[in-house]
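Written out below as structure tokens is the structure these notes cover.
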Amino acid sequence: MARKAYSSPRRAPASAPALHHSTGHLLGQIAPLIDQVRSAGGVEPLDGVLRDWHARLAARGRAMLTGAAELEAYLRLRE
């Protein structure tokens, strides 16, 4: 059986049900996002923004973990 190939813009709707299933968002809530991504020219223009956001979020998470570890060490010294 031949596998059907889709162009890049056709892939986003195919992943929408998976996004709906994994996040619990209604398909009506996801569709506007897909339309906005398409009108922006796809995900490529968003790549730098998302990478920057991910780096900041990861750094904040690591800082919080470091702070929690330091607080734990301090509290253990006080026991």
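Remember, predicted model here, so these are calculated numbers, not experimental data.
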Expected list for residues 56-66: side-chain donor-acceptor pairs under 3.5 angstrom, two or more places apart:
residue, atom, partner, partner atom, Å
R56, NH1, D52, OD2, 2.4
T66, OG1, R62, O, 2.9

Show which side-chain atoms of residues 71-79 pair as donor or acceptor with protein atoms under 3.5 Å away, not counting sequence neighbours.
residue, atom, partner, partner atom, Å
E72, OE2, R76, NE, 2.6
E72, OE2, R76, NH2, 3.0

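Under the side chain to side chain contact (heavy atoms under 4.5 Å, CB included) criterion, V37 pairs with L33, V43, L46, sequence neighbours left out.
The nearest pair of heavy atoms linking G41 to P45 is O-CD, 3.9 Å.
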